[in-house]
2 protein chains.
Amino acid sequence: MGASKSDSFSLEQNEMATLFKALSHPARIAIVDYLLTVDSCICGDIVNELPLAQPTISQHLKELKNANIIKGTIEGTAICYCINPDTIDKIENHFGMIRHKLKNKCC
Amino acid sequence: MGASKSDSFSLEQNEMATLFKALSHPARIAIVDYLLTVDSCICGDIVNELPLAQPTISQHLKELKNANIIKGTIEGTAICYCINPDTIDKIENHFGMIRHKLKNKCC
DNA sequence: TTTGTTTATCGTAATATTGCAATATAATAA
DNA sequence: TTATTATATTGCAATATTACGATAAACAAA
């Protein structure tokens with residue numbers, strides 16, 4: 001056995017878990033951080049920035065892309081990766097909901 | 001090889017990744033959701049609420065507790081688990097930072 | 001065409017996560 | 001004391017993730 005009984009949970013719960021899983025590795029946090037420091041971005045820059053091999057970074061980028069946290073537009077030979085603000089909105093809204101429900105709570 | 005080169009990343013990056021990892025499973029999202037719907041809470045309730053066995057839920061609660069997302073206070077035989085608002089703050093602040101840096105960005 | 005540059009994919013070894021039965025622990029009740 | 005109740009821990013099988021060398025694919029430049 002092992003791993004994910006995702007059928008048993010709501011679509012919303014699975015969606016949020018997928019978003020958080022995409023952010024659950026320091027390399028992917030670092031990629032998001034880095035994308036926020038530059039105006040446009042190509043993958044090669046990230047390879048130089050992080051202590052990981054190119055295939056590993058490509059894989060992390062793919063996971064971030066699958067989760068819609070970043071989006072990439074082809075630009076000649078390179079690819080311009082950027083944060084997707086809509087997904088950031090979605091996560092912020094989730095915590096807005098939590099914050100709202102946390103009012104009038106005990107403990 | 002495989003898995004986590006966490007030494008290579010900043011403390012902040014590792015901390016955020018740890019928080020997101022704790023939220024990266026639908027069962028743990030469901031536990032947080034459930035804790036938000038009740039005023040106080042014991043683990044037994046959660047076992048009845050979710051389609052998972054008691055040891056599995058105990059394990060998920062442990063991970064949420066380790067990440068400081070929930071805190072438990074002993075209450076007789078049972079344990080009262082609650083959301084830790086400080087950690088919710090921390091995550092919200094992180095996205096506040098992202099939101100701030102996202103202004104004047106391209107793509 | 002050939003060469004170089006950039007990114008993706010494949011294959012695979014090392015490691016981590018998930019789920020649960022069985023069992024243990026801790027506290028209360030009888 | 002002996003249940004009973006609530007939660008935690010152990011051990012293990014199934015599965016997922018991570019990292020990277022090797023290689024492929026796509027495209028531009030020479």
Side-chain angles (χ1 to χ4, degrees), chain A residues 1-9 13-14 17-31 34-35 38 40-67 70-82, chain B residues 1-9 13-14 17-31 34-35 38 40-67 70-82:
Chain A
M1 251 137 272
S4 80
K5 266 195 164 183
S6 59
D7 298 352
S8 316
F9 300 99
Q13 285 165 345
N14 279 300
T18 298
L19 286 181
F20 291 131
K21 182 179 284 182
L23 294 170
S24 73
H25 192 286
R28 295 196 288 271
I29 298 285
I31 288 173
Y34 181 63
L35 286 179
V38 290
S40 82
C41 180
I42 56 170
C43 178
D45 284 351
I46 303 176
V47 172
N48 293 332
E49 200 71 16
L50 300 189
L52 293 170
Q54 180 268 325
T56 307
I57 289 178
S58 185
Q59 202 173 258
H60 283 308
L61 285 168
K62 189 180 181 182
E63 283 175 65
L64 287 170
K65 206 165 42 177
N66 285 344
I70 65 175
K71 46 187 177 180
T73 40
I74 296 167
E75 206 161 279
T77 320
I79 295 187
C80 171
Y81 280 114
C82 296
Chain B
M1 252 139 274
S4 80
K5 267 195 166 183
S6 58
D7 298 351
S8 316
F9 301 99
Q13 285 165 345
N14 278 299
T18 299
L19 285 181
F20 292 133
K21 182 180 285 182
L23 294 171
S24 73
H25 192 286
R28 295 195 288 270
I29 298 286
I31 288 172
Y34 181 62
L35 286 179
V38 291
S40 82
C41 180
I42 55 171
C43 178
D45 285 351
I46 302 176
V47 171
N48 294 332
E49 199 71 14
L50 299 188
L52 294 171
Q54 180 267 325
T56 307
I57 289 179
S58 183
Q59 200 172 261
H60 283 308
L61 285 168
K62 189 181 183 182
E63 283 175 67
L64 288 170
K65 206 165 43 178
N66 285 343
I70 65 175
K71 46 187 176 181
T73 40
I74 296 167
E75 206 162 276
T77 319
I79 295 188
C80 172
Y81 278 115
C82 296

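Given the structure is predicted, the values throughout are model-derived calculations rather than measurements. Every chain is numbered from 1, with letters handed out A, B, ... down the list of sequences. Excluded from the calculations below are hydrogen atoms, water molecules and symmetry mates; all remaining heavy atoms, backbone and side chain alike, are included.
For A:His25, the listed nucleotide lying nearest its side chain is D:dT18; candidates were C:dA8, D:dT18, D:dG11. For A:Lys21, counting side-chain heavy atoms from C-beta on, the closest listed nucleotide (D:dT17, D:dT9, D:dC20) is D:dT17. The side chain of B:Gln59 approaches C:dT18 more closely than any other nucleotide in the set C:dA8, D:dA19, C:dT18.
For the pair A:Lys65 and A:Gly72, the tightest heavy-atom approach, listed with the atom from each and the gap, is CD-N, 4.4 Å.
Side-chain nitrogen and oxygen atoms of A:Tyr81 include none within less than 4.0 Å of the OP1 or OP2 phosphate oxygen of C:dT6. Of the side-chain N and O atoms in A:Lys62, one or more sit less than 4.0 angstrom from OP1 or OP2 of C:dT9. Listed pair B:His60 / C:dG19 meets the phosphate criterion, a side-chain N or O lying under 4.0 Å from OP1 or OP2.
Between B:Phe20 and A:Ile29, the closest side-chain pair of non-hydrogen atoms falls below 4.5 Å.
The structure places CD1 of A:Ile79 at 15.0 Å from NZ of A:Lys71, a figure rounded to the nearest 0.5 Å. For the atom pair A:Gln13 CD and A:Thr18 OG1, the distance stands at 11.5 Å (nearest 0.5 Å).
For B:Lys62, there are no side chain to side chain donor-acceptor pair (under 3.5 Å) partners at least two apart in sequence or on another chain. Partners of A:Leu50 according to the side chain to side chain contact (heavy atoms under 4.5 Å, CB included) rule, which considers only residues two or more places apart in sequence or in another chain, are A:Ala30, A:Ile31, A:Ile46, A:Ile57, B:Phe9.
Look at CD on A:Glu63: it is 13 Å from P on D:dA16, rounded to the nearest Å. In this structure, the CG atom of B:Leu52 is 17 Å from the P atom of C:dT17, given to the nearest Å. At whole-Å resolution of the value, CG in B:Asp45 and C1' in D:dA6 are 11 Å apart. We find that CG of B:Asn66 is positioned 14 Å from C1' of C:dT17, with the value rounded to whole Å. One can place CG of A:Asn48 at 13 Å from C1' of C:dT5, the figure rounded to the nearest angstrom. The distance between atom CG of B:Leu61 and atom P of D:dA6, rounded to the nearest whole Å, is 15 Å. Rounded to an integer number of Å, the gap from B:Ile57 CD1 to C:dT17 C1' is 17 Å. Across the protein-nucleic acid pair, A:Phe9 atom CZ and C:dG19 atom C1' stand 11 Å apart, rounded to whole Å.
Counting only residues at least two apart or on different chains, the side chain to side chain donor-acceptor pair (under 3.5 Å) pairs with a member in residues 49-60 of chain A are A:Arg28-A:His60.
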Checklist outcome for this item: Scoring nucleotides 21-30 of chain C by protein non-hydrogen atoms under 4.0 Å (B base, S sugar-phosphate only, - none) yields BB-----S--
